[in-house]
Amino acid sequence: MTVHGGVGQSIKRKEDARFVRGKGNYVDDVKLPGMLYLDIVRSPYAHARIRSINIEKALKVPGVLAVIRGKDLEAANLAWMPTLMSDKQMVLPVERVMYQSQEVAAVVADSRYAAADGVVAVEVDYEPLPVVVDPMKALEPGAPILRPDRKEQTNRIWHWEVGDREGTDKALKESDVVVKENLYIPRIHVSSIETCGCVASFDAMGKLTVWMTTQAPHAIRTVFALVAGLPEQKIRIISPDIGGGFGGKVPVYPGYVLAVVAALKTGHPVKWIEDRSENIQADSFARDYHISAEIGATRDGKLTALRVKTIADHGYTDAAANPSKFPAGLFHIVTGSYPFEKAHVEVDGVYTNKPPGGIAYRCSFRVTEAAFTIERIVDSLARKLGMDPAEFRMKNFIPPEAFPFKSALGWEYDSGNYQGALRKAMDIVDYDALRKEQAEKRKRGELMGIGISSFTEIVGAGPSHTFDILGLKMFDSCEIRIHPTGKAIARFGTKSQGQGHETTYAQILAEELGISSEDIAIEEGDTDTAPYGLGTYASRSTPTAGAAASIAARKIRDKAQKIAAHLLEVSPDDLEWKDHKFQVKGVPDKAKTMAEIAFAAYTNHPPGMEAGLEAVDYYDPPNLTYPFGSYICVVDIDKETGEVKIRRFVAVDDCGTIINPMIVEGQIHGGLTMGLAPALLEEIHYDENGNMLGGSFMDYLLPTAVETPKWETAKTTTPSPHHPIGAKGVGESATVGAPAAIVNAVVDALAHLGVTHIDIPITPWKVWKILHEKRAA
Amino acid sequence: MVLTEMTSAGDEETGPFMNVHVTVNGAPRSATVETRTLLVHFLRENLSLTGTHIGCDTTNCGACTILLDGKAVKSCTILAVQADGRELRTVEGLETDGKLHPIQEGFIEEHGLQCGFCTPGMMMCSVALLQKNPHPTEEQIRRAISGNLCRCTGYVNIVKAIQHAANKMAGPSGGGRP
Ligand code: FES
Ligand code: FES
């Protein structure tokens with residue numbers, strides 16, 4: 001018997017009822033009496049000394065009430081704040097600006113427009129300083145030291161390595177074939193359609209409430225308590241409806257802190273909402289990895305070893321959002337879907353005059369960089385060996401029977417069937433027919449390419465023995481209360497930004513408790529009511545909080561079993577949980593539903609037992625989960641314009657047990673589009689003076705409905721053995737897997753011209769230039 | 001930090017004001033605003049119709065799309081005073097007598113939304129399309145919404161949502177409502 005809205009059903013989303021009516025409650029919709037507005041003065045220079053900031057004219061602008069400068073904050077010890085990676089970041093500069101569009105001062109006024117007028121009237125006198133844009137040059141001797149405040153007088157932030165250096169060197173030396181590629185994964189920006197912002201308000205008792213675009217409200221509360229010295233019970237963070245996050249709403253940006261300071265100083269609620277251009281120019285970026293990878297194989301095509309060196313451009317401070325122990329995130333998942341015996345990875349973090357960051361872009365801590373590297377270079381190696389890239393992968397995959405599999409760089413993959421996923425994708429796309437078509441087209445001089453990416457994800461951070469952020473262990477939580485009438489409310493430490501938690505969490509609980517999902521309210525995002533958790537990013541909600549939901553529900557079932565036994569006058573051992581109720585073994589009509597049990601829990605509970613039916617679980621996952629998939633992309637290239645047209649894109653994903661197939665498919669569609677984006681369109685580039693080229697939606701090109709193909713999706717299901725319902729998480733898989741499939745397809749189309757790699761984004765201009773250089777157009 | 005007197009913000013010192021009268025979702029509404037006020041701010045702040053969103057500052061995203069005299073416009077790129085005397089329709093006006101508009105049903109049924117931030121603009125743009133072209137092809141739909149960005153859905157289900165609404169509005173009785 002199925003329960004309404006249980007696991008595996010494509011029920012419609014609960015949250016849609018308000019969104020389609022325009023009744024969502026996003027941060028900019030919050031309006032409080034007497035609310036003021038904050039706007040920010042930003043630096044036109046990438047590196048400059050601030051000689052003076054004159055605010056007199058600004059204070060005369062009608063409606064302007066206050067101007068905040070770095071020196072005002074310094075007095076309260078708030079000019080700097082810590083980053084998540086134990087570096088430090090300016091709220092407002094006292095001496096120097098370090099990147100173009102950096103916050104320089106804040107203007108508070110009684111309207112948005114007056115605040116903007118005030119920003120224009122602030123006069124800042126800058127003395128430009130030498131700018132460091134290129135991270136390679138930043139490491140050269142004699143380069144200006146960007147962070148003289150640090151003990152180490154170098155622009156190298158850290159060096160990190162993992163794996164067997166000597167063993168890898170030796171294995172590569174002994175390999176019959178070695179291929180090397182330099183891959184640059186450019187700086188990009190998540191650009192959720194809602195920008196960042198907040199409303200900060202103190203009540204008469206000195207309690208601070210901040211409505212805030214944050215993916216991790218509890219962690220933010222603790223950070224605010226530690227940084228600002230406010231007692232934590234007097235801080236309430238509310239993350240209302242969030243218009244997309246993708247990692248960009250994990251960090252604490254200066255604007256948030258400035259709004260709180262302004263609210264404290266003026267005694268009024270203060271709203272700060274950034275413009276899109278500010279959002280792109282100053283909020284955390286993603287990627288910016290300069291990768292050099294070498295891979296070896298035997299003559300007959302068996303992989304031997306992998307060596308990866310990377311320069312990571314972090315901007316002026318390391319404000320990456322990574323677990324504390326991993327300065328390069330989970331980049332060492334770079335051995336991907338293959339059983340390398342030897343591998344070595346080293347990464348150097350570098351300071352430059354660019355905005356800080358190193359956040360994910362819909363991915364789990366640098367796994368996209370890793371998946372792109374391995375899937376790109378495996379393709380190059382197959383080509384060098386003269387093998388078909390599908391055949392080469394099939395030959396080298398970790399076999400299904402090898403799971404749980406320990407990778408050369410230390411991860412324990414929970415489950416997988418890589419051959420199964422690739423086989424399915426090949427069948428759907430009719431791989432052999434495509435190869436034939438390609439051969440014929442090539443004879444006619446037409447450019448067609450087929451690209452494969454068989455990626456392994458690593459999500460659900462993470463086990464407390466290894467994973468923390470600023471010391472906070474990366475568990476997550478669920479608290480359930482069942483009401484006397486058998487309806488329920490459950491609260492979580494995570495925060496949906498469009499993933500549909502109100503629907504899917506209710507489905508897990510419906511399945512576990514035998515209550516219709518319609519009768520279960522889900523709440524997240526209010527730190528005064530929700531249990532503590534580390535928030536939603538890195539596809540962690542289902543693996544952590546989703547697991548907590550199951551376990552908390554099972555705790556409720558334990559108590560419910562005793563109540564049912566009391567009601568049925570049998571021993572609890574005589575009962576079994578079957579068809580979503582407790583029944584006497586072998587006597588199906590002697591049974592109690594959860595609604596009956598709940599009523600008894602408040603009206604007729606067994607003597608000696610506490611009343612009520614509630615449970616909470618803080619779930620510490622025993623391992624990460626490893627979703628995977630195989631994607632095949634087919635492209636046609638216009639020889640006249642260099643334009644790449646995606647003709648087909650087949651995505652076979654395996655995210656373990658699926659809670660809501662409709663939502664999973666939607667996540668994959670969105671993820672694929674954010675995989676297409678950096679592959680073909682998006683890039684944040686700087687000129688030699690550190691001017692950002694492409695700091696608005698005019699030049700930073702998000703895919704529209706016209707560039708986005710009609711995605712084709714399919715699935716295999718390999719449950720996670722350690723997750724209570726076998727789910728793995730899916731929000732980001734497609735963003736991780738798609739770029740390599742697209743680039744591999746383009747390179748495949750041009751391979752006969754000697755092309756082995758093209759850096760992303762593959763613009764028509766880049767392709768056109770290649771075609772002209774090779775005289776192929 | 002320097003604070004000026006709270007009282008210094010005198011209305012008479014800021015730019016010229018104008019009384020703007022519009023019909024929104026069938027009801028007359030008016031407010032006095034600075035002449036430079038954008039229509040989207042007028043709707044959101046003066047009329048408290050926060051369903052219309054703001055996603056950019058360069059007229060690229062379409063989150064602010066509404067109908068002005070039946071035509072889809074980006075309300076971030078029009079001044080409130082330019083809408084004086086005209087008829088506006090926003091997402092809040094799609095549902096009538098407690099019944100969802102077919103486009104709203106389409107977005108729910110086909111999972112055409114995730115975070116919901118682009119959704120109001122996307123739906124208003126779609127309503128304008130279906131008024132002009134009740135039976136659009138997929139290609140025509142994709143072109144029509146190409147000025148509306150969605151970061152979450154990958155558009156496939158948005159296209160289906162619009163097709164769903166088109167079918168529904170054609171309906172067994174034909175016609176349907178605009
Ligand atoms: S707000 Fe982006 S187009 Fe109007
Ligand atoms: S649903 Fe999030 S931007 Fe479209």
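First the proteins, then the strands, lettered A, B, ... as listed; each starts at 1.
Taking A/Lys57 as the reference, A/Glu123 meet the salt bridge (Lys or Arg N to Asp or Glu O under 4.0 Å) condition, with sequence neighbours excluded.
With hydrogens and angles ignored, the 3.5 Å screen pairs no side-chain donor or acceptor of B/Glu95 with any backbone N or O of A/Arg21. Within the 3.5 Å criterion, the main-chain N or O of A/Ser277 finds a donor-acceptor partner in the side chain of B/Asp57. Panel note: side chain B/Arg151, backbone A/Leu702; no donor-acceptor pair is recorded below 3.5 Å. Formation of a donor-acceptor pair under 3.5 Å by the B/Tyr155 side chain with backbone atoms of A/Pro703 is found in this model. Of the possible donor and acceptor atoms, none in the side chain of A/Arg276 sits under 3.5 Å from a partner among the backbone N and O of B/Thr58.
Neither the backbone nor the side chain of B/Glu105 comes within contact range of chain A, judged by heavy atoms closer than 4.5 Å. In this structure, no portion of A/Glu15 lies under 4.5 Å from any heavy atom of chain B. If you measure heavy-atom distances from B/Glu110 to chain A, you find no contacts under 4.5 Å at all. Heavy-atom distances place no part of B/Ile141 under 4.5 Å from chain A, backbone and side chain included. For chain B, the nearby parts of A/Ser191 are the backbone and the side chain; heavy atoms of each come within less than 4.5 Å. With a 4.5 Å cut-off on non-hydrogen atoms, B/Thr153 touches chain A through its backbone but not through its side chain. Neither the backbone nor the side chain of A/Arg18 comes within contact range of chain B; no heavy atoms are under 4.5 Å apart. Only the side chain of A/Tyr26 comes within less than 4.5 Å of a heavy atom in chain B; its backbone stays farther off.
Considering all non-hydrogen atoms of both residues, A/Asp29 and B/Arg44 come closest at OD1-NH2, 2.8 Å. Nearest heavy-atom pair, B/Cys115 versus A/Ile242, reported as atom, atom and distance to 0.1 Å: CB-O, 3.5 Å.
Salt bridge absent: B/Glu45 and A/Lys271 never bring a charged side-chain N and a carboxylate O closer than 4.0 Å.
Residues A/Lys12 and B/His111 form no side-chain contact, since every pair of their non-hydrogen atoms from C-beta on lies 4.5 Å or further apart.
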